[in-house]
4 protein chains.
Amino acid sequence: MRKLDPARHDQKRQEILSAARRCFERSGLKGASIAHICKEAGISPGHLYHYFKSKDAIVATLSEAWLDNISRRFEQLPIEEGGVVASLVEEISQLVPSGPNARSQLVFEMLAESTRNAGMAKLVQAHSRRLRSILANVLRQGQQRGAIDPALDPETTATIMIAMIDGLKALPLRDPEADRRAVADMLQQTLAAMLKRDRAEKTGEISGRRR
Amino acid sequence: MRKLDPARHDQKRQEILSAARRCFERSGLKGASIAHICKEAGISPGHLYHYFKSKDAIVATLSEAWLDNISRRFEQLPIEEGGVVASLVEEISQLVPSGPNARSQLVFEMLAESTRNAGMAKLVQAHSRRLRSILANVLRQGQQRGAIDPALDPETTATIMIAMIDGLKALPLRDPEADRRAVADMLQQTLAAMLKRDRAEKTGEISGRRR
Amino acid sequence: MRKLDPARHDQKRQEILSAARRCFERSGLKGASIAHICKEAGISPGHLYHYFKSKDAIVATLSEAWLDNISRRFEQLPIEEGGVVASLVEEISQLVPSGPNARSQLVFEMLAESTRNAGMAKLVQAHSRRLRSILANVLRQGQQRGAIDPALDPETTATIMIAMIDGLKALPLRDPEADRRAVADMLQQTLAAMLKRDRAEKTGEISGRRR
Amino acid sequence: MRKLDPARHDQKRQEILSAARRCFERSGLKGASIAHICKEAGISPGHLYHYFKSKDAIVATLSEAWLDNISRRFEQLPIEEGGVVASLVEEISQLVPSGPNARSQLVFEMLAESTRNAGMAKLVQAHSRRLRSILANVLRQGQQRGAIDPALDPETTATIMIAMIDGLKALPLRDPEADRRAVADMLQQTLAAMLKRDRAEKTGEISGRRR
DNA sequence: TATGAATGAGGCTTCATTCAT
DNA sequence: TATGAATGAAGCCTCATTCAT
């Protein structure tokens, strides 16, 4: 009965979430147990349920925070004059994970979980919409500035960029020894080529255009 | 009376694998229990262990078969005159999954599992090497025929293509309503642009070149 | 509200151990299941694991306590003037078990288990060393007082005494109808003769002497 | 439908028993499974049940054979003139086991099992009676020849000797590093002193005498 | 005689969650 | 707010045994 300080409550929540994240990264969404999380957080199992009503709630909260964080990074993309392509490309390139990145695997688990868990599906799809919207906006602004091929459909292009981002997360799992520098460089080129103004003139593409 | 048909044994194994696959697709690698699989296969829990020594063995066998199947599809790519790019591009485009494709999610679970399970890691990495090698070979042949930019490093290019393949699997989970046709078309263009012979002349790329 | 009595925890542990002991005595180390123990202790299977991390841990704890108890009994042997032989002999005689002594059988199971279980082997051997050391000390003091043949090697003699103790535990299993009184009496004589001061003069023994 | 040769049948039985013995020595009476035994014997589980109606039957048969073998060894004790004591003592001394004698542990398991298993109890007790009878007979003959103290009760003496035999089997489990030579020597002396003709004159024993 | 497919109960252990304090 | 006692279902796996061939 010390303090009912709501700020304190929130801080504890964050601590638990942080412990949970470490556990999930270590053992997976199903592999990490409430007991593990409690030990990591230094609290008792009973106490944890004062902050979260179920394990699923923890997973959901954490997933939301995680996805939100990704979105925010793209939201803060500088869209300066002439640099739209460059900064976008740069941002994606930096995603080429370094090391047996424990964080990326969680996204794969979220994606898989979204197949069976309606709540997770909602979360994942909302995030995807938001992310696509952010990227599409950046693309649109680039098109207005003439830096990006105006024939591209921003939504479709954004969708493909997201696919690339996802796929790159598998890289360190598929090939821990990969030359990430080479991949990053080539990725930059590919993206640049894809977005490039004059690309349209060179290929007789049929679709992917603004509808 | 002697040999009770070793083929019979193998067939039962396949039946169990098939049942397991359905369960895994439905509930995930961890979510599907031995009991579920046995019920689906119509056998008793004890009996399953005449065919597989552990759940992990089932997962491994299934994963291997699954990954092997993917590799084989790419191995059989027709590399006819002038169609290297086209057939490769076509093949990848067809991967854009249709419907809440339960199969793709398993790949994500395998990737995540490979973080914690040495056996799975070995499997995933071997598959990745093989797939990259197959794709790189196709690319090399295309380069010899002059259909593909000779400045591209086949291995790096293959790595990026695999990332795209992976990323596309997330598409129906991220956006079940996506216009797959549009995505497939744009993807084709992007790939074509990436591989195109004269691409190099147009962009001042720095790396990703043949080492 | 803080500490919910660590003594309470310990008491419960003891209760569980006690229930486990009864089960082991009834059904043997392997024959008694966790379910049996839980039922006997009046707790749920899951709860048992708050107190012991495995069945083996229960067995080990119980074995240790059991062996420890035996050692302590010998440690407390009164070594008064002139009574060394008598009290030692008396103590051993009392070991001739009475009734289908369920406790003794457990020692046999521990001994057998020590063949396959490294932890049990360690326990058994440590106990044996301790017990031998205790007995050897008593013997040495007896030798200093002139009550025990100084030519005897205390360690070897102790080893043989332990063998006798072990062997006597089999008596009620081998012959539930045995005249224990007669056996105890004769045992006393045999031990007395073995330890007796002037024994050496009567037999042309070759070894077993102080090294 | 080849041969119903009963000799062949018996040989197979022996092979299975032999395999079972190895398994039991390795893993214990409960630890060794029918599957293990079948693998060791190179036969199928179903086939085993043509030779033995249950695992218990195998255990019983094996135990009987084992105990029988011990009895036979003592039955064949040479009772030559003047050597009764010597040969008896020698025989027992040789029992001091050498090495982590896997065989002895089984006797302990049989003894423990006899507490819960009526069949085993019968077996063990019958064996004990027989062994005691054999030893008592040897002792009686020694008494007739004047080599053994006539005041000793042969049955009680035999009982104590059996206890010693049992106890010695624990020696290598209790102390794998023990100096077996010293133990054997001292044991010889102790037994000799116990049986010796003139022993009675030296100690004022009260019991253990012929009733 | 011989196989190995098949069973289902039961082994130990872990789990998410609730409750009394 | 905080603990940890307590639950019981469910997890994976092994077992002795039986049956069809």
Side-chain angles (χ1 to χ4, degrees), chain A residues 1-5 8-9 12 30-38 42-58, chain B residues 1-6 8-9 12 30-38 41-58, chain C residues 1-6 8-9 12 30-38 41-58, chain D residues 1-5 8-9 12 30-38 42-58:
Chain A
M1 297 276 177
R2 269 291 137 80
K3 268 186 159 189
L4 290 161
D5 190 347
R8 199 153 183 80
H9 184 88
K12 198 77 181 179
K30 292 247 179 189
S33 73
I34 290 283
H36 292 149
I37 295 171
C38 288
I43 62 170
S44 64
H47 197 29
L48 181 142
Y49 282 83
H50 278 264
Y51 294 94
F52 296 94
K53 77 173 222 289
S54 70
K55 184 182 174 183
D56 265 14
I58 299 178
Chain B
M1 237 175 275
R2 268 296 129 78
K3 276 284 188 179
L4 267 164
D5 212 346
R8 197 136 187 105
H9 184 273
K12 195 77 184 182
K30 294 246 180 186
S33 75
I34 290 285
H36 292 150
I37 296 172
C38 287
I43 62 173
S44 66
H47 194 29
L48 181 141
Y49 287 84
H50 277 272
Y51 296 93
F52 297 94
K53 76 176 222 291
S54 68
K55 185 183 173 182
D56 262 17
I58 298 178
Chain C
M1 235 176 275
R2 264 298 130 77
K3 277 283 187 178
L4 266 163
D5 212 347
R8 198 138 187 103
H9 184 273
K12 196 77 182 180
K30 295 246 180 188
S33 75
I34 290 285
H36 292 150
I37 295 171
C38 287
I43 62 172
S44 66
H47 194 29
L48 181 141
Y49 286 83
H50 276 273
Y51 296 93
F52 297 93
K53 76 176 223 289
S54 68
K55 183 182 174 182
D56 262 17
I58 298 179
Chain D
M1 296 272 177
R2 269 291 140 79
K3 268 185 159 186
L4 289 162
D5 190 347
R8 200 155 182 77
H9 183 89
K12 196 77 183 181
K30 292 246 180 190
S33 74
I34 291 283
H36 292 149
I37 294 171
C38 287
I43 62 171
S44 63
H47 197 30
L48 182 143
Y49 282 83
H50 278 264
Y51 295 93
F52 297 94
K53 76 173 222 289
S54 70
K55 184 184 174 182
D56 265 14
I58 298 179

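Each chain gets a letter, A, B and so on, in the order the sequences are listed, and its residues count up from 1.
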Closest non-hydrogen atom pair, D:Lys55 against D:Lys30: NZ-O, 3.6 Å

Interatomic distance, A:His36 NE2 vs E:dT14 P [rounded to whole Å]: 9 Å

Base-pairing string, 5' to 3', of DNA chain F - Watson-Crick or wobble, under 3.5 Å, | interstrand: .||||||||||||||||||||

Sugar-phosphate only, base, or nothing, as touched by B:Ser33 at under 4.0 Å among non-hydrogen atoms: sugar-phosphate

Any C:His50 side-chain nitrogen or oxygen under 4.0 Å from OP1 or OP2 of F:dA6: no

Interatomic distance where CD1 belongs to A:Ile58 and P belongs to E:dC15 [whole Å]: 14 Å

5' precedence on DNA chain E between A:Ala35 and A:Gly46 (nearest-nucleotide basis): A:Ala35

Sugar-phosphate only, base, or nothing, as touched by C:Ile43 at under 4.0 Å among non-hydrogen atoms: sugar-phosphate

Sugar-phosphate, base or nothing in reach of A:Ile34, heavy atoms under 4.0 Å: base

Sugar-phosphate, base or nothing in reach of A:Tyr51, heavy atoms under 4.0 Å: sugar-phosphate

Upstream residue (5' side of DNA chain F) when A:Lys12 and D:Gly31 are each assigned their closest nucleotide: A:Lys12

Below 4.0 Å: OP1/OP2 of E:dT17 and any side-chain N or O of A:Tyr49: yes

A:His50 to A:Gly46 - nearest heavy-atom pair and separation: CD2-O, 3.7 Å

For atom NZ of C:Lys53 and atom P of E:dT13, their distance in whole Å: 9 Å

Flag, side chain of B:His9 to backbone of B:Pro6, donor-acceptor distance under 3.5 Å: no

D:Lys55 NZ - F:dT14 C1' separation (whole Å): 11 Å

Over all atoms of both residues, closest heavy-atom pair of B:Pro45 and B:Cys38: CA-SG, 3.4 Å

Touch class at under 4.0 angstrom, heavy-atom based, for A:Ala57 against every strand present: nothing

C:His47 side-chain N/O to F:dG8 phosphate OP1/OP2 under 4.0 Å: no

Ring geometry between C:His47 and C:Tyr51 (parallel below 30°, tilted from 30 to 60°, perpendicular above 60°): perpendicular

Phosphate OP1/OP2 of F:dT7 contacted by C:Ser44 side-chain N/O (<4.0 Å): yes

Contact summary for D:Leu48 and D:Ile37, nearest pair of heavy atoms: CD1-CG2, 4.0 Å

Interatomic distance where CD1 belongs to B:Ile37 and P belongs to F:dA10 [whole Å]: 17 Å

Rounded interatomic separation in angstrom, taking CG from A:Asp56 and C1' from E:dC15: 13 Å

Distance in angstrom units between D:Leu48 CG and E:dT1 P, rounded: 13 Å

